[in-house]
Amino acid sequence: MMIRTDPFQVLDRLTQQLNGRGTWSGPSVIPMDAYRSGEEFVVAFDLPGVEPEAIEVNVDRNVLTVKAERRPIVSGDDVQTQISERPLGVFSRQVFLGENLDTDAVEASYEAGVLKLRIPVAQQHKARKIEISSTGQKQLSS
C-alpha cells in the first residue's frame with residue numbers, strides 16, 4: 001500500500017469539530033483525497049480561500065506535511081464583522097508515504113482552492129514484465 005493512515009485521525013477530527021474548527025491556537029485537519037493514476041500517486045487537499053504563498057509543503061523521508069493558513073479577507077479599524085462562519089487559522093495534514101514513491105520528484109499545483117501533489121512511483125518499484133526463455137527441450141507426451 002502506498003499510504004498509511006493514522007488510527008487516531010478520526011478521533012482528532014471529532015475533537016476538532018467539538019472544539020471548533022480553524023482556531024488560531026491549533027491547526028485543523030485538511031480534507032484530502034488520494035489515488036493512484038498510472039505510474040504516479042496523487043494527493044489532493046481542499047484549501048479554499050488560502051493564498052498560494054500561505055501554503056507550505058515539506059517531505060521528510062516518507063512523511064509529507066502540508067501546512068496552510070487562511071487569513072481574514074478584510075480587516076481594519078472601520079471593519080465590523082457581522083457573521084463569521086468560514087474557519088480561519090492554521091490547517092495542517094501529515095501523510096505517511098510508502099517506500100515505493102520517489103519523494104525527490106514531487107510536483108505541486110494549486111488551482112480553484114485545491115492543492116494537488118503528484119508523486120511518481122520510484123523507478124526500482126515499477127512493475128516490469130519478465131521474459132521467459134526456452135531451453136529448446138521437447139515436452140514428453142503420455
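Closest heavy-atom contact between Glu39 and Arg36: OE1-NH2, 3.5 Å. Listed here is the closest heavy atom pair of Ala105 and Pro120: O-CD, 3.4 Å.
Contact check for Arg70 versus Phe91: side-chain heavy atoms found under the 4.5 Å cut-off. Contact of the Ile55 side chain with the Tyr110 side chain is registered, since non-hydrogen atoms from C-beta on lie closer than 4.5 Å. In this structure, Phe41 and Ser37 have side chains that are not in contact, with every pair of non-hydrogen atoms separated by 4.5 Å or more. Side-chain atoms of Leu97 and Val95, non-hydrogen and from C-beta on, do get closer than 4.5 Å to each other.
Panel note: side chain Gln82, backbone Gln80; a donor-acceptor pair is recorded below 3.5 Å.
With hydrophobic clusters built from ILVMFWY side chains whose heavy atoms lie under 4.5 angstrom apart, Val121 does not share a cluster with Val42.
A distance of 8.5 Å separates CD of Glu51 from CZ of Arg71, quoted to the nearest 0.5 Å. For the atom pair CE (Met32) and CG (Leu117), the distance works out to 10.0 Å, reported to the nearest 0.5 Å. Atom CG of residue Asp33 and atom CG of residue Asp46 lie 7.0 Å apart, to the nearest 0.5 angstrom. The NZ atom of Lys67 sits 6.5 Å away from atom CD of Glu56, with the distance rounded to the nearest 0.5 Å. Atom CG of Asp60 is separated from atom OG1 of Thr65 by 7.5 Å, given to the nearest 0.5 angstrom. Once rounded to the nearest 0.5 Å, the distance linking CD of Glu99 with CZ of Arg61 reads 10.0 Å.
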Evaluate the side chain to side chain contact (heavy atoms under 4.5 Å, CB included) criterion for residues Val66 and Asn58: first the C-alpha distance (whole Å), next the side-chain angles of each, then the deciding distance (0.1 Å), finally the verdict. CA-CA 7 Å; Val66 176; Asn58 294 308; over 6 Å; no
Could you walk me through whether Val114 and Leu47 pass side chain to side chain contact (heavy atoms under 4.5 Å, CB included), step by step? CA-CA 6 Å; Val114 177; Leu47 293 170; over 6 Å; no
Side chain to side chain contact (heavy atoms under 4.5 Å, CB included) between Tyr35 and Val43, worked out: CA-CA 7 Å; Tyr35 55 93; Val43 188; over 6 Å; no
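Residue Glu111 places its CD atom among 12 or fewer non-hydrogen atoms of other residues, nucleotides or ligands, all under 6.0 Å distant.
A side-chain contact (heavy atoms from CB on, under 4.5 Å) with Thr103 is found for exactly one of Asn62, Val59, Leu64, namely Val59.
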